[in-house]
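Below, chains carry the letters A, B, ... as their sequence lines are ordered, and counting in each starts from 1.
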There are 2 protein chains.
Amino acid sequence: MGATKTEHFTDKQNAVAALAKALGHPARVAIVEYLLSVDSCICGDIVNELPLAQPTVSQHLKELKSAGIIKGEIEGNAICYCVDETAIEKLQDYFASVAAILHKKKSNCC
Amino acid sequence: MGATKTEHFTDKQNAVAALAKALGHPARVAIVEYLLSVDSCICGDIVNELPLAQPTVSQHLKELKSAGIIKGEIEGNAICYCVDETAIEKLQDYFASVAAILHKKKSNCC
DNA sequence: ATTATTTATCGTAATATTGCAATATAAAAA
DNA sequence: TTTTTATATTGCAATATTACGATAAATAAT
């Protein structure tokens, strides 16, 4: 086969996986970090920052956007992309809760 | 093409992406959550918990292990898998720092 | 109106991932 | 020793991802 069996997992599991997957590529991590580093959102120069061709960057941006990690607004003939706080908070909360459960566990046998 | 250009990104970006990628599949999220939910680490029944065949589960476990998200120890003819706190903390810290930067930013134009 | 700039999309090749049946391996139980 | 039990590995088909050249679309500048 080759297709993920999404329907067998809970909505929350799928949601976490989708967010994680979007950040599962160094280029997309780099894009997020670049967006954080610029104060103004003249974000077209992401292409110049990354060692990838423009269509590739555009594709990565599309994935980040469809996963909800970034949001974009048209501004003239350019586009302003920003990191979406909500998605980051979801991830932060999720891993915080996982860490909390781990800390509570006495018997970490390994 | 088709191969990720890892060498063009920083070690940290690659590290975050590798951890995120490992959790970028609902089955692997489900495995982590199952490991958190059991107190004893008789973890062989992960296969019974998941709607996937044994070789598929074994492969997902391998990926989680090689990414450092879980660790395993042989116990007789079974294996005890546990979530590795270090990896979760790395993710938690990373997203916390991203969230902190976002909060500090005044001009979130989008 | 024409040209430049910016971003997206299409098409396609290379590679990776997902999933499983079949089989191997290795320790436990009989 | 033989058989079970638990896990890993192999091989393969289906699908997804990554990357980019070529091209489209849409606004800005001339």
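The environment of Asn48(B) atom CG is dense: over 12 non-hydrogen atoms of other residues, nucleotides or ligands sit within 6.0 angstrom.
Rounded to whole angstrom, the span from the CD atom of Glu73(B) across to the P atom of dA26(C) amounts to 19 Å. Between the CG atom of Leu50(B) and the C1' atom of dC20(C) there is a distance of 15 Å, rounded to whole Å. Look at CD1 on Ile46(B): it is 15 Å from P on dG19(C), rounded to the nearest Å. One interatomic measurement links the two molecules: CD of Glu63(B) to P of dT9(D), which rounds to 13 Å at whole-angstrom precision. Put simply, CD1 on Ile79(A) is 9 Å from P on dT9(C), counting in whole angstrom units. Per the geometry, CG belonging to Asn14(B) stands 13 Å off P belonging to dT18(D), to the nearest Å. Atom CG of Leu61(B) is separated from atom P of dG19(C) by 13 Å (rounded to the nearest Å). Atom CD in Gln59(B) sits roughly 12 Å away from atom P in dA8(D) (whole-Å rounding).
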Open item on the list: Can you build the contact string for nucleotides 21-30 of chain D? Use B for base contact, S for sugar-phosphate-only contact, and - for no protein heavy atom under 4.0 Å.
Closed with: BB----BS--

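Here the CD-NE2 distance, from Glu89(A) to His103(B), works out to 4.5 Å after rounding to the nearest 0.5 Å. To the nearest 0.5 Å, atoms CD (Gln13(A)) and NE2 (His8(A)) are separated by 12.5 Å. The line from CG of Leu23(B) to CG of Leu91(A) is 10.0 Å long, rounded to the nearest 0.5 Å. Atom CD1 of Ile46(A) is separated from atom CG of Leu61(A) by 4.5 Å, given to the nearest 0.5 angstrom. One distance of note links NZ of Lys12(B) with OH of Tyr94(B); it measures 6.5 Å at 0.5 Å rounding.
Look at His60(A) and you won't find any side-chain N or O under 4.0 angstrom from OP1 or OP2 of dT17(D). Using a 4.0 Å cut-off, no side-chain N or O of Thr56(A) falls inside it from OP1 or OP2 of dT18(D). The shortest distance between the side-chain N/O atoms of Tyr81(B) and the OP1/OP2 oxygens of dA6(D) is not below 4.0 Å.
The closest donor-acceptor contact from the side chain of Ser37(A) to the backbone of Tyr34(A) lies under 3.5 Å.
For the side-chain hydrogen bond (donor to acceptor under 3.5 Å, both in side chains) condition, the pairs that include at least one residue of residues 17-32 of chain B, sequence neighbours left out, are Thr4(A)-His25(B), Arg28(B)-His60(B), Arg28(B)-Glu63(B).
Counting only heavy atoms from C-beta on, Ser58(A) has its side chain closest to dT9(C) among dT18(D), dT9(C), dG19(C).
Listed in residue order, the members of residues 18-28 of chain B having a heavy atom less than 4.0 Å from DNA chain D come to none.
Of all the heavy atoms in Ala99(A) and Ile88(B), the pair that sits closest is N-CG2, 3.9 Å.
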